[in-house]
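Side chains included, hydrogens not; waters and symmetry mates left out as well; all remaining heavy atoms used.
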Amino acid sequence: MRSVMKIGELAKRAGTSTRMLRYYEAQGLLRSERGANGYRYFQDSDIERARTIASLIRSGLPTRLIQVLLSAQDRPDDWTDACDHQFAALLRAELSALDDKIACLSRSRTAVNAYLERAAG
């Protein structure tokens with residue numbers, strides 16, 4: 001028997017808000033089943049999916065790319081149809097942007113650490 005939960009429980013277990021879960025669903029990143037009462041019901045597997053989506057969004061990945069990545073995860077044997085040359089170029093550009101952000105964060109971390117060392121010394 002599969003465990004089902006309402007949106008509030010999923011939000012709590014995934015560490016996100018119900019508002020964000022509704023947004024994920026509106027973007028086609030997360031799916032729910034609707035009860036006769038109109039409530040959304042989610043599966044246990046949606047906990048990790050919601051965490052993954054939140055993490056990818058926090059890293060700056062646009063939802064249009066997240067959708068294709070999740071599609072690839074859902075269909076590992078058939079994902080090349082979703083990854084054409086244009087999409088691969090978008091992913092390369094996104095990867096470059098992420099590398100730039102990581103480099104910037106590393107420089108910021110080094111500067112903050114140096115300041116703390118001077119302040120403590």
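- Atom CG of L105 and atom CG of D100 lie 11.0 Å apart (nearest 0.5 Å).
- The shortest distance between side-chain heavy atoms of T63 and Q67 does not fall below 4.5 Å.
- For the pair R49 and R31, the minimum side-chain heavy-atom distance is below 4.5 Å.
- Smallest separation of non-hydrogen atoms from L61 and I66: O-CD1, 3.5 Å.
- For A14 against A50, the heavy-atom pair with the smallest separation is CB-CB, 3.8 Å.
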Exercise answer: donor-acceptor pairs, residues 107-121 side-chain atoms, under 3.5 Å, sequence neighbours excluded:
residue, atom, partner, partner atom, Å
S108, OG, C104, O, 3.1
T110, OG1, S106, O, 3.0
N113, ND2, E117, OE2, 3.3

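- Counting only distance, with no hydrogens or angles, the side chain of R51 and the backbone of R13 share a donor-acceptor pair below 3.5 Å.
- The 12-atom threshold is not exceeded at NZ of K12, counting heavy atoms of other residues, nucleotides or ligands nearer than 6.0 Å.
- With rounding to the nearest 0.5 angstrom, the CZ atom of R34 is 10.5 Å from the OH atom of Y41.
- Under the 3.5 Å distance criterion, the side-chain polar atoms of S59 are matched with a main-chain donor or acceptor of L56.
- Here OG of S32 is found 13.5 Å from NZ of K6. Values are rounded to the nearest 0.5 Å.
- When each of L10, I47, V4 is checked for a side chain to side chain contact (heavy atoms under 4.5 Å, CB included) with F42, only L10 meets the rule.
- One distance of note links CZ of R40 with CG of D46; it measures 12.5 Å at 0.5 Å rounding.
- Partners of E48 according to the side-chain hydrogen bond (donor to acceptor under 3.5 Å, both in side chains) rule, which considers only residues two or more places apart in sequence or in another chain, do not exist here.
- Here the CG-CD distance, from D99 to E94, works out to 10.5 Å after rounding to the nearest 0.5 Å.
- Under the 4.5 Å side-chain criterion, counting only non-hydrogen atoms from C-beta, L90 is in contact with R64.
- In this structure, CD1 in I57 is found 8.0 Å from OG1 in T16, a value given to the nearest 0.5 Å.
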